[in-house]
There are 2 protein chains.
Amino acid sequence: MNESTDPLAIRFAALGDPTRLAIVNRLKERGPQSAGDLGDLADISAPAMSRHLKVLHRAGLVRRDVDKQRRIYSVEPEALQAIGSWSIGREEFWTASLDRLTTHLSPKE
Amino acid sequence: MNESTDPLAIRFAALGDPTRLAIVNRLKERGPQSAGDLGDLADISAPAMSRHLKVLHRAGLVRRDVDKQRRIYSVEPEALQAIGSWSIGREEFWTASLDRLTTHLSPKE
DNA sequence: TTGTTAATTAACAAACATGTTAATCGAATG
DNA sequence: CATTCGATTAACATGTTTGTTAATTAACAA
């Protein structure tokens, strides 16, 4: 399972942690926040929070702006849009899916 | 990090593995497939594939239909739509985000 | 300078994820 | 009935993630 070079999979993995998902939700709802501001989101140490932010940043999900001694994090909109495109794309398939299912099933007695 | 009861986080985590993302993409593109049909997607054993399918199923991302000795897997459309709604929702925020960023930064010298 | 604040990196333990092979189980086939 | 097929569960090794505390770095304030 070394193929983690797929950007979409990396993003999903980053969002798969509840704390990191909460971080992104917070940034979506309240706008840019410093690392310290996000501290009350989860009952974890500052280093742990810092690591989560690093994961989100390396996945391209959040942007980091350095302001003196603070790091201001904000959502990276294109990353979310890419996820949206993937998930709602090929919608025409969905309706056809269940029909196609029956072709795979044995006739009912 | 015990809060894994968030359904959205569970789904993202499931899609965060490259093999599982490939499985979902395959089901989206070609429609329902049996566990065996999906075997050529990754160079892993049948038990490993079976485990991935179980993760996807428990996350609500795929449906499993039993047909005699086969298990037919297909995409669970609402799950993908839920992800789409999350990712593209609150779009009005995005444009405002960068403006709000400046309010967090110190004046430039 | 000295001390405080914001955030990170380093080192390490515990928990989780993912892969393997062997064993199991029901359905199909000769 | 004995065997093969499709898929899963069991047991276990290994690598990755996530958390902790301690140390480090840079900016700020006295």
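Chain identifiers are assigned alphabetically (A, B, ...) following the order of the sequence lines, protein sequences preceding nucleic acid strands; residue numbering begins at 1 within each chain. Note that this is a predicted model, so its numbers are computed, not measured.
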Show every ring-ring contact (aromatic ring centres under 6.0 Å, His included) that has at least one partner inside residues 14-45 of chain B, sequence neighbours left out.
none
Residues in side chain to side chain contact (heavy atoms under 4.5 Å, CB included) with B/Arg64, at least two apart?
B/His57, B/Arg71, B/Tyr73
Any ring-ring contact (aromatic ring centres under 6.0 Å, His included) involving residues 5-40 of chain B? Give me the pairs, sequence neighbours left out, ordered by first then second residue.
A/Phe12-B/Phe12, B/Phe12-B/Trp86
Pairs in or reaching into residues 19-47 of chain A: which pass ring-ring contact (aromatic ring centres under 6.0 Å, His included), with residues at least two apart or in two chains?
none
From CZ of B/Arg70 over to P of D/dG6, roughly how many Å is that when rounded to an integer?
8 Å
Closest-nucleotide ordering on DNA chain D, the 5'-leading residue of A/Val55 and A/Arg71
A/Val55
In Å, rounded to the nearest 0.5 Å, how long is the span from CD1 of A/Ile83 to CG of B/Leu15?
9.5 Å
What's the CG-C1' distance between B/Leu56 and D/dT8, to the nearest Å?
16 Å
Classify A/Ala35 by what it touches in the nucleic acid, base, sugar-phosphate, or nothing, heavy-atom distance under 4.0 Å.
sugar-phosphate
Just how far, in rounded Å, is C1' of D/dT8 from CD of B/Gln69?
13 Å
So which protein N/O to nucleotides 13-17 of chain D N/O distances come out below 3.5 Å?
none

Selection from C/dA28, D/dT18, D/dT20 that lies nearest to any side-chain heavy atom of A/Ala48:
D/dT20
Set of residues satisfying side chain to side chain contact (heavy atoms under 4.5 Å, CB included) with respect to A/Ala59, sequence neighbours excluded:
A/Ile10, A/Arg11, A/Ala14, A/Leu61
Produce the list of close N/O pairs, under 3.5 Å, pairing protein atoms with atoms of nucleotides 9-12 of chain C; give distances to one decimal.
unit_1: C/dT9; atom_1: OP2; unit_2: A/Lys54; atom_2: NZ; d: 3.4

Partner of D/dA30 by Watson-Crick or G-U wobble geometry, both contacts under 3.5 Å, or none?
C/dT1
Tell me the interatomic distance from A/Asp65, atom CG, to C/dA7, atom P, rounded to whole angstroms.
13 Å
Side chains of residues 39-51 of chain B: which donor-acceptor pairs under 3.5 Å do they make with residues two or more places apart or in other chains?
unit_1: B/Asp40; atom_1: OD1; unit_2: B/Arg26; atom_2: NH2; d: 2.9
unit_1: B/Asp40; atom_1: OD2; unit_2: B/Arg26; atom_2: NH2; d: 3.4
unit_1: B/Ser45; atom_1: OG; unit_2: B/Ala48; atom_2: N; d: 3.4

Rounded to the Å, how far apart are A/Ile44 CD1 and D/dT20 P?
7 Å
B/Arg64 CZ - D/dT9 C1' separation (whole Å):
12 Å
Atom NE2 of A/His57 to atom C1' of C/dT8: distance rounded to whole Å?
14 Å
